[in-house]
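Take a look at the structure below.
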Amino acid sequence: QSPRWQPESLISNGDFSGGFNSATGIIPGWSHMGDAGQAQAQQAIVTDGSLVLQLGGTGGSWRMHNRIYIPANAVGVSLRIKVDQSTPDSTDWPKLRLRFGDPASGTIFEKPISSLGSGWVSIHAPIPQSLRGNTLPFAIELNSQTPVPGSSPVIAKLLVDDVAIWTS
């Protein structure tokens with residue numbers, strides 16, 4: 001059901017300023033949707049001018065936001081990313097995938113992070129009509145497949161900030 005009130009960005013704690021509990025891995029808005037056994041608790045909120053989510057490196061390679069309502073007038077998702085350029089071999093760099101719900105039908109963006117440039121880069125991914133009007137979890141993944149328990153760690157590091165859904 002469509003909520004009567006919508007925050008501006010539609011994604012709770014999209015700038016990660018809402019904090020992080022390092023002992024539990026809980027990030028307000030971004031917890032309790034994924035399996036903590038899949039290294040989700042190892043992801044960290046770090047400082048890079050502001051608080052940002054770090055994926056990869058020694059931590060987890062994905063993070064899932066709690067279910068959100070995608071309005072009928074939603075146009076796309078935007079976020080800022082910064083790829084750690086110190087990764088020794090770009091062949092080890094994974095793909096960045098953005099998705100709502102199911103990987104097969106909900107993927108809205110997928111590109112190798114080696115092709116996304118250096119420094120802070122803005123990513124804009126359109127939301128297809130088929131996903132609008134639904135309530136789904138949103139995931140940011142650093143790999144080309146859905147994470148599974150025991151999967152090998154991602155060497156590359158990616159910083160994520162300012163995640164938002166924009167409407168027409």
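Quick caveat, the model's predicted, so the values are computed rather than measured.
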Test item: [X] side-chain N/O and [Y] main-chain N/O as donor-acceptor pair under 3.5 Å:
X    : Y    : value
R97  : T107 : no
R63  : W30  : yes
R132 : A74  : yes

Practice task
Might you work through the side-chain contact (heavy atoms from CB on, under 4.5 Å) test for D15 and S50, ending with a clear yes or no?
Solution key: CA-CA 9 Å; D15 65 358; S50 63; over 6 Å; no

Consider only side-chain heavy atoms of I, L, V, M, F, W and Y, link residues closer than 4.5 Å, and tell whether [X] and [Y] are in one cluster.
X    : Y    : value
V160 : V46  : no
V77  : V52  : no
W120 : F16  : no
L55  : F109 : yes
I11  : F100 : yes

[X] side, atom [atom1]; [Y] side, atom [atom2] - distance, nearest 0.5 Å:
X    : Y    : atom1 : atom2 : value
K82  : K157 : NZ    : NZ    : 10.5 Å
L96  : I140 : CG    : CD1   : 7.5 Å
I123 : I81  : CD1   : CD1   : 4.0 Å
L142 : L158 : CG    : CG    : 5.0 Å

Exercise for the section: Evaluate the side-chain contact (heavy atoms from CB on, under 4.5 Å) criterion for residues I165 and F138: first the C-alpha distance (whole Å), next the side-chain angles of each, then the deciding distance (0.1 Å), finally the verdict. Expected result: CA-CA 10 Å; I165 293 178; F138 174 70; over 6 Å; no

Exercise for the section: Indicate whether any N or O donor in one side chain lies under 3.5 Å from an N or O acceptor in the other, for N66 and S12. Expected result: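 Judged by distance alone, the side chains do not pair up.
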
Exercise for the section: Identify the heavy atoms of G18 and N13 that sit nearest to each other, and give their distance. Expected result: N-OD1, 2.7 Å

